[in-house]
Amino acid sequence: MTRLRVYDDTKALFHLPDGVIYLDGNSLGALPLGVAERVSRVITAEWGNELIRAWNTAGWYAQPRHVGDRIARLIGAEAGSVMVGDTLSLKVYQALAAALDMNSSRKVVLSDTGNFPTDLYMAEGLIATLGRGHQLRLVAPEEVEAALSEEIAVLYITEVDYRTGRRHDMAKLTAKAHALGIVTVWDLAHSAGALPVDLAGCGVDFAAGCTYKYINAGPGAPAFLYVAPRHADNARAALSGWMGHAKPFAFELGYAAAGGVERMRVGTPPVLAMAALEASLDIWDRVDIKEVRARSLALGDLLIAEVERRCPSLKLVTPRAHERRGSQVSFAFEGGYAAVQAVIARGLIGDFRAPDIMRFGITPLYIGENEIVRAAEIIEDVIAGEVWQRPEYQVVNAVT
């Protein structure tokens with residue numbers, strides 16, 4: 001299989017509107033050109049002609065495991081350890097429930113204040129449902145390592161902070177957690193497709209992630225769940241749906257979990273969304289994630305340098321050190337929301353995260369040096385010219 005050169009070959013494989021610089025792929029990836037044809041084929045040739053037979057003839061039933069193996073390559077996971085389907089919220093719920101069951105004598109879930117809120121909400125909901133006296137303990141991101149102790153049941157962390165782009169040291173934290181008898185659950189929402197991940201090498205117990213950001217599988221694309229092979233036959237399936245049953249088509253009245261990661265299936269897989277995901281993975285199959293990472297860091301350095309030179313009023317909140325950051329660059333600015341609306345109106349799409357973060361995703365498959373320099377020019381125009389203070393940019397949209 002011929003390897004694709006990042007940006008030189010890959011940019012042409014995406015639909016990007018004329019006049020737009022898209023620095024929001026860390027929230028929703030751009031559209032791969034192969035998606036429309038792939039989904040259309042599934043609709044017409046498979047659903048249209050095969051009808052329900054397509055569950056067997058087109059391989060729909062096996063999709064969650066098959067696609068999981070393709071994602072496994074991007075996250076350093078063993079074959080047969082990744083299951084695709086449902087949403088990231090459900091997958092972190094499943095992972096946390098299984099992890100707590102494995103460490104039932106301990107009652108503390110440790111996370112940090114940089115974790116994505118839905119992860120924390122799901123933990124709160126699970127703790128309330130279990131009613132076993134568990135506690136969700138939050139510390140500052142830089143205090144996580146020091147907070148690890150033998151009273152912690154689960155370390156529940158997002159590797160890359162969604163606001164600042166700060167990156168945790170997965171290998172170091174996992175090793176220390178295991179030395180203290182702590183089970184680990186990692187959220188890879190801002191890692192998968194952005195940087196090399198080595199779940200197997202780090203010895204991670206559970207991990208979950210989404211595919212609509214850097215993997216470019218489209219809005220609402222299915223999430224994935226990793227279960228280390230050493231746990232796969234014993235992890236409790238808290239959401240015991242029929243597709244996770246050992247014999248789903250025997251229609252037995254009692255639940256019996258399937259072997260391995262199959263038990264983490266819940267309901268009927270989203271076939272059309274899976275088709276879009278597979279079309280995107282056709283690109284990823286031909287890309288070296290190490291090259292993606294190298295270009296991401298270089299582009300991030302360029303954006304930081306250009307914006308700091310042009311806009312000293314913006315405060316960099318993303319770590320400068322390469323090993324400590326993901327694939328986005330974030331700046332704090334009091335008028336951040338309005339400034340983001342103003343740059344969007346000028347063709348630069350980034351996004352805003354409360355309370356004051358202007359966030360720009362670095363996606364090297366379709367972003368290069370010229371786009372980064374032009375983005376900095378647009379930001380300078382908006383900030384230096386105080387364009388962001390115009391009334392039309394103060395109106396807060398439902399999605400920021």
Would you give me the side-chain donor-acceptor pairs under 3.5 Å for residues 92-102, sequence neighbours excluded?
{"from": "Gln94", "atom 1": "OE1", "to": "Lys91", "atom 2": "NZ", "distance (Å)": "2.8"}
{"from": "Gln94", "atom 1": "NE2", "to": "Met264", "atom 2": "O", "distance (Å)": "3.1"}

Going by atom type alone, with no hydrogens or angles, which donor-acceptor pairs under 3.5 Å involve a side-chain atom of residues 265-275 and a protein atom two or more places apart or on another chain?
{"from": "Arg265", "atom 1": "NH1", "to": "Tyr61", "atom 2": "O", "distance (Å)": "2.9"}
{"from": "Arg265", "atom 1": "NH2", "to": "Tyr61", "atom 2": "O", "distance (Å)": "3.1"}

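Leu195 places a side-chain heavy atom less than 4.5 Å from the side chain of Glu159. A 4.5 Å side-chain heavy-atom check between Arg325 and Val160 finds every atom pair outside the cut-off. Side-chain contact check for Tyr393 versus Val340: every heavy-atom pair is 4.5 Å or farther apart. Residues Phe14 and Tyr22 are not in side-chain contact: their nearest non-hydrogen atoms beyond the backbone lie 4.5 Å or more apart. Within the 4.5 Å cutoff, the side chain of Val144 has heavy atoms near those of the Val139 side chain. Looking only at side-chain heavy atoms (C-beta outward), Leu365 and Val6 come within less than 4.5 Å of each other. Within the 4.5 Å cutoff, the side chain of His245 has heavy atoms near those of the Lys247 side chain. The shortest side-chain heavy-atom distance between Glu377 and Asp381 does not fall under the 4.5 Å cut-off.
Checked by atom type, the side-chain pair Glu278/Ser280 shows no donor-acceptor distance below 3.5 Å. When only modelled atom types and interatomic distance are considered, Tyr366 and Glu371 share no side-chain donor-acceptor pair under 3.5 Å. Side chains of His231 and Asp205: a donor-acceptor N/O pair is present below 3.5 angstrom, by distance only. Using modelled atom types and a 3.5 Å distance limit, the side chains of Thr118 and Ser89 yield a donor-acceptor pair.
Dense packing is recorded around CG of Leu51, with more than 12 heavy atoms of other residues, nucleotides or ligands lying under 6.0 Å away. Environment of OH in Tyr255: crowded, with over 12 heavy atoms of neighbouring residues, nucleotides or ligands closer than 6.0 Å. Heavy-atom contacts from other residues, nucleotides or ligands closer than 6.0 Å to CD of Glu143 number more than 12. Within 6.0 Å of atom CH2 in Trp47, 12 or fewer heavy atoms from other residues, nucleotides or ligands are found, so the atom counts as exposed in its surroundings. Shown here is Lys315, whose NZ atom has no more than 12 heavy atoms of other residues, nucleotides or ligands within 6.0 Å.
Listed by first and then second residue, the salt bridge (charged side-chain N to carboxylate O under 4.0 Å, His left out) pairs involving residues 384-400 amount to none (not counting sequence neighbours). Listed by first and then second residue, the ring-ring contact (aromatic ring centres under 6.0 Å, His included) pairs that reach into residues 129-188 are Phe116-Tyr162, sequence neighbours excluded.
Using a cut-off of 4.0 Å between Lys/Arg side-chain N and Asp/Glu carboxylate O, Asp24 and Lys213 are scored as not salt-bridged. Salt bridge status for Asp9 with Arg286: absent, with no side-chain N to carboxylate O gap under 4.0 Å.
A donor-acceptor pair under 3.5 Å is absent between the side-chain atoms of Arg359 and the main chain of Leu23, judged by distance alone. At distances below 3.5 Å, not a single donor-acceptor pair connects side-chain atoms of Thr174 with backbone N or O atoms of Ala171. Under a 3.5 Å cut-off, the side chain of Asn216 and the backbone N or O of Tyr214 do form a donor-acceptor pair. Looking only at distances, a side-chain donor or acceptor of Thr211 sits under 3.5 Å from a matching main-chain atom of Pro222. Checking side-chain atoms of Ser296 against main-chain N and O of Val292 turns up no donor-acceptor pair under 3.5 Å. Between the side chain of Asp69 and the main chain of Gly80, a donor-acceptor pair closer than 3.5 Å is present.
Shortest non-hydrogen contact noted between Asp187 and Ala189 is OD1-N, 2.8 Å. Of all the heavy atoms in Gly218 and Leu28, the pair that sits closest is C-CD1, 3.8 Å. The heavy-atom pair separating Val382 from Trp388 by the smallest distance is O-CD1, 3.5 Å.
For Leu302, the side chain to side chain contact (heavy atoms under 4.5 Å, CB included) partners two or more places apart in sequence, or in a different chain, are Glu306, Glu369, Ile372, Val373. Taking the side chain to side chain contact (heavy atoms under 4.5 Å, CB included) definition, one finds that Asp288 meets it with Lys290, Glu291, sequence neighbours left out.
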- Message: salt bridge (charged side-chain N to carboxylate O under 4.0 Å, His left out), that's the test. Do Arg106 and Glu151 meet it? Break it down for me.
- Response: CA-CA 6 Å; Arg106 301 185 185 189; Glu151 70 171 324; over 6 Å; no

- Query: Is there a salt bridge (charged side-chain N to carboxylate O under 4.0 Å, His left out) between Arg320 and Glu308 once you walk through the steps?
  - Reply: CA-CA 12 Å; Arg320 295 179 190 275; Glu308 288 190 325; 2.6 Å; yes

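Classified by interplanar angle (parallel below 30°, tilted 30° to 60°, perpendicular above 60°), the ring pair Tyr337/Phe352 is perpendicular.
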